[in-house]
Number of protein chains: 2
Amino acid sequence: MPKEKVLPRTRDREAKERALIESAKNVLAEVGFQGFGVNAVARAAACDKQLIYRYFGGIEGLVEAIGAELGLRLRDRLAPLAAMGKPARYSDLVQRMALGLLQALRDDALLRRIAAWEVSDGSPLVASLTLARSKGMTQWMMETRGDLKPPPGVDAPGANAFIIAAVQHLVLAGSAAGAFAGMALRDEKDWERVRTLIKSMVAAVYDAPKPAQ
Amino acid sequence: MPKEKVLPRTRDREAKERALIESAKNVLAEVGFQGFGVNAVARAAACDKQLIYRYFGGIEGLVEAIGAELGLRLRDRLAPLAAMGKPARYSDLVQRMALGLLQALRDDALLRRIAAWEVSDGSPLVASLTLARSKGMTQWMMETRGDLKPPPGVDAPGANAFIIAAVQHLVLAGSAAGAFAGMALRDEKDWERVRTLIKSMVAAVYDAPKPAQ
DNA sequence: TTGGTAAGTCTCCGTGTGGTGACATATGCT
DNA sequence: AGCATATGTCACCACACGGAGACTTACCAA
């Protein structure tokens, strides 16, 4: 019996790496990108910050590692939407995406922090996250779109970006201030209002003559 | 001749105060809310940080002083829009407001930084800024609205908040990353696209049957 | 003139940050 | 076995931060 320890293969590098990534996500989700740094992450992971430099080459590498997992995270969040079956019209697709994004952001503090980070900081640190997030987003769109085509005469990518921007901003403002432009964004009924807002906006843009409401 | 110094009346407290406020705005506009603090502001104002504590009671007071000037700043930015005469329809009003806000945010780094701050930080420090900004905004709306009424069956405050949120987010993302959701936001033609997007969104929501485009 | 008070400047402190080097220990390979 | 390497931990550095205290200087009213 050489030791009673089972077998810390390679002395647990993988475990430490995962712990660091997980702690980094937690720190980012809980305190935001301010106060996010090697010290805070190492403290949360209960290991030395030196490992961050050794394993990830610094905080940038850690952020990139988070970005790499971000695509999967988005897919998981948006998966239930895809399971609802193929949308009938293009507007259904967009509506579903917007509502799904709304819920995903509301449920996931990490996604919210990253979204806030993206608009607050142009540093290259964030670029990888932005890339990963938008890639996961468009990929999901592509997959669930099927052969649906947007109605002619509408700048669909632009309109979608517009809607996504609005949803994102409303969630962020609601999370930070509980209101935006005089509109309360606190309890579930406030968000129900946002949902109907989304539906009517999407319908107004894509279903040319207003549908029976 | 007691001294060659002219006459620093009251030894220039007012001047220092204004210098501090001005420097605070500059620092905030240039480096953003990260790196915004007593040291940076005092350094920019070329005076001792102690004065910040003495005159404003700390950085919070300084931020509140900025907030107090924010209403005027917004009015100035939005004034040219009001000079265009009364809008004919409610949708014209909203369109004008959205386009004006787009331009104001694009031109004014300070407004952008504050907007980014609002969605990134729920601390009470920002609350005064948020309040001042939204107050100036709604006030301008009230004034230029006149007796125009939104079409029935539309949640006008909600739709407006939605549109404002989208505009704000697009400008912030463009300023930080140069793109959003696959849509480039760099040169003037990109923003022209956003402008037509705004117009068509507003028209779709408020001018029920789609107008000839 | 004198004294009180405000203005302005200086130093100093404790803390937290990102980052580096040194050192001991464990592991796998030959 | 022995050795090189990977691993984990510690101390340390320079720097910036927010903040307080002490000090000199100017003003203004008795």
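A note on names: the letters A, B, ... follow the listed sequences, proteins ahead of strands, and every chain is numbered from 1. Computed from a predicted model, the values in this text were never measured in an experiment.
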Problem set entry | Results of ring pair (Phe, Tyr, Trp, His ring centres under 6.0 Å) for F33(A) - residues two or more places apart only | W117(A)
[N], OP1 or OP2 - any side-chain N/O from [X] closer than 4.0 Å?
{"X": "N39(A)", "N": "dG16(C)", "value": "no"}
{"X": "R43(A)", "N": "dT17(C)", "value": "yes"}
{"X": "Y55(B)", "N": "dG8(C)", "value": "yes"}

Problem set entry | Whether R112(B) side chain and L105(B) backbone form a donor-acceptor pair below 3.5 Å | yes
Given atom [atom1] of [X] and atom [atom2] of [N], what is their separation to the nearest angstrom?
{"X": "K49(A)", "N": "dG16(C)", "atom1": "NZ", "atom2": "P", "result": "12 Å"}
{"X": "L20(A)", "N": "dG8(D)", "atom1": "CG", "atom2": "C1'", "result": "12 Å"}
{"X": "Q34(B)", "N": "dA16(D)", "atom1": "CD", "atom2": "C1'", "result": "15 Å"}

Could you write out each protein N or O paired with an N or O of nucleotides 21-23 of chain C at a distance under 3.5 Å?
from    : atom 1 : to     : atom 2 : distance (Å)
dG21(C) : O6     : Q50(A) : OE1    : 3.2

Problem set entry | Nucleotide nearest C47(B) when distance is taken to its side chain, options dT7(D), dT9(D), dT9(C) | dT9(C)
Problem set entry | Atom CZ of R75(B) with >12 non-hydrogen neighbours under 6.0 angstrom | no
Seminar exercise, completed: For R186(A) and A179(A) the tightest heavy-atom approach is NH2-CB, 4.2 Å
Exercise. Can you find a donor-acceptor N/O pair under 3.5 angstrom joining the side chain of K16(B) to the base of dG8(C)?
Worked result: no
Exercise. So, Y206(A) and N160(A): side-chain donor and acceptor under 3.5 Å apart, yes or no?
Worked result: yes
